[in-house]
Each structure stands twice: as C-alpha cells, then as structure tokens.
Amino acid sequence: MKILVTGSAGFVGGYLVQELLDHGHEVVGIDNYSKYGKVDKSYDNHKNYSFVEGDAKDVGLMKDLISDCDQVVAIAAIIGGISLFHELAYDLIAENERITASTFDAAIWAFKHKKLKKINVMSSSMVFESTSTYPTPKENS
C-alpha cells in the first residue's frame, strides 16, 4: 500500500513512517522542516520511502503527491506548545486550518478522481491540555 504522510519529519510522523516501512508499505513524506529543521532519519534512504520538502498548504503539490496513494495520514501542523498557543492562538489556528483544508481538498480530489481510499488524521496530546485521562475520549476534550 502507498501512503502519504504529511508532517513526516516531525516527532510523531517520524515514528509512524518507520512503522509503516517496517510493515512493508511504500511511504511518501512531506514536511517543510518548520519545527526542528532538517533532521536525518534512519529511513531517509529506504527503498520504499520518498520525501518532498514542501508545504502541505500547497494544494497543487498535495494533489501531485496524493495522486497515486491508497491512503493519507494527516499529521502536519504548526506546533509550539501551550505557551505559544496562548501568545499566538489565532496564528496557530489559522495556519493549522489551512494545512488541514489543503490536505482534505487534495484527499477529496484523489478519492473522486484517483485511487485514494482513506484519510487518517492524527494529533499529539497537545490538543488535550487539561486532561488527566489518557487516552482522552473526545467528550473530555
């Protein structure tokens, strides 16, 4: 199965890419290195991994990358911790909505016109700042 992973160079994305490769999938990663900068990953030269340094807000690029994928995992986000959220709430929310909208626009297009069958959306625990229950049910968020 061929899977596009947005935010593939991030903390969660990096673990997911390795897991997908370990299970025999072909993975396409996209990241703009906005959080950590370029970080070498153990799978950078894996035969089933290809990487594009780019912005997940670019719908044209996302359509190109997703056009022959079976699934997409949407992880890309602008993150910065709780303190940054309190300082720049609008900026973070607006930017993350643009990333999500672009990913979903490309995914809907690929579902209708190509072979995409599934979109998976992941997030870190940062969205549940005040919870004391893990995993956190949606109704407790």
Side-chain angles (χ1 to χ4, degrees), residues 1-131 133-141:
M1 181 178 311
K2 188 170 185 179
I3 303 169
L4 172 64
V5 177
T6 69
S8 63
F11 182 76
V12 175
Y15 284 103
L16 176 64
V17 168
Q18 185 64 63
E19 191 71 18
L20 292 171
L21 291 170
D22 288 348
H23 283 86
H25 298 289
E26 183 178 352
V27 179
V28 177
I30 179 172
D31 205 295
N32 66 3
Y33 296 126
S34 65
K35 177 66 178 178
Y36 303 111
K38 176 137 177 55
V39 177
D40 292 331
K41 301 287 189 178
S42 61
Y43 49 79
D44 283 342
N45 296 313
H46 193 287
K47 66 182 174 93
N48 287 334
Y49 181 67
S50 59
F51 177 79
V52 173
E53 182 176 353
D55 195 331
K57 296 187 307 286
D58 181 339
V59 178
L61 175 60
M62 292 298 290
K63 283 182 176 181
D64 286 343
L65 297 177
I66 206 170
S67 66
D68 65 342
C69 290
D70 303 291
Q71 292 192 27
V72 61
V73 182
I75 305 175
I78 301 299
I79 60 171
I82 298 305
S83 62
L84 186 59
F85 181 81
H86 290 297
E87 293 172 23
L88 301 170
Y90 173 81
D91 299 312
L92 290 173
I93 291 170
E95 192 73 356
N96 286 331
E97 285 181 350
R98 290 180 191 108
I99 293 167
T100 302
S102 174
T103 304
F104 273 71
D105 286 347
I108 290 167
W109 171 83
F111 178 78
K112 289 180 177 179
H113 304 287
K114 299 295 180 176
K115 66 178 196 172
L116 190 75
K117 296 297 178 215
K118 185 176 183 182
I119 184 168
N120 306 278
V121 181
M122 294 180 66
S123 180
S124 71
S125 63
M126 292 302 296
V127 298
F128 302 114
E129 174 184 4
S130 301
T131 192
T133 306
Y134 297 97
T136 305
K138 182 178 176 184
E139 58 272 5
N140 290 357
S141 59

Inter-residue atom distance Asp55.CG - Met62.CE, 0.5 Å rounding:
9.5 Å
Which heavy atom of Gly13 sits nearest to which heavy atom of Ile75, and what is that distance?
CA-CD1, 3.9 Å
CD1 of Ile3 to CD1 of Ile66: how many Å apart, nearest 0.5 Å?
11.5 Å
Around Asn45, counting heavy atoms of other residues, nucleotides and ligands shown, do more than 12 lie under 6.0 Å from its CG?
no
Taking the side chain as C-beta and beyond, is there a heavy-atom pair between Asp44 and Phe51 under 4.5 Å?
no
Classify the angle between the aromatic ring planes of His113 and Trp109 as parallel (below 30°), tilted (30 to 60°) or perpendicular (above 60°).
tilted
NZ of Lys41 to CG of Asp31, rounded to nearest 0.5 Å, is 8.5 Å
Whether the side chain of Thr103 engages the backbone of Ile99 through a donor-acceptor N/O pair (distance < 3.5 Å, no angle test) should be reported.
yes
With rounding to the nearest 0.5 angstrom, report the CD1 to CD distance, Ile30 to Glu53.
9.5 Å
Reported OG1-to-NZ distance for the pair Thr100 and Lys57, which is rounded to 0.5 angstrom
11.0 Å
Around atom CZ of Phe11, are there more than 12 heavy atoms from other residues, nucleotides or ligands closer than 6.0 Å?
no
Give the minimum heavy-atom separation between Thr6 and Ala76, together with the two atoms involved.
OG1-N, 3.0 Å
Can you name the closest pair of heavy atoms from Gln18 and Ser42 and give their distance?
OE1-OG, 3.0 Å
Quick one: are Asn120 and Gln71 in side-chain contact, heavy atoms under 4.5 Å?
yes
Salt bridge (Lys or Arg N to Asp or Glu O under 4.0 Å) partner of Asp70, chosen from Lys2, Lys117, Lys115:
Lys115
How about Phe111: does its CZ atom have over 12 heavy atoms from other parts shown lying under 6.0 Å from it?
no
Hey, does Met122 have a side-chain heavy atom less than 4.5 Å from the side chain of Leu16?
yes
So, for Gly54 and Leu61, which heavy atoms are closest and what is the spacing to 0.1 Å?
CA-CD2, 4.0 Å
May I ask you to decide if the ring planes of Tyr43 and Tyr49 are parallel, tilted or perpendicular, using 30° and 60° as cut-offs?
perpendicular
Check this for me: Lys38, atom NZ, are more than 12 non-hydrogen atoms of other residues, nucleotides or ligands nearer than 6.0 Å?
yes
Taken to the nearest 0.5 Å, the spacing of Lys63 NZ from Asp58 CG works out to 11.0 Å
What heavy-atom pair brings Ser8 and Gly29 nearest, and what distance separates the two atoms?
OG-CA, 3.3 Å
Closest heavy-atom pair and its distance - Ala107, Val72:
CB-CG1, 4.3 Å
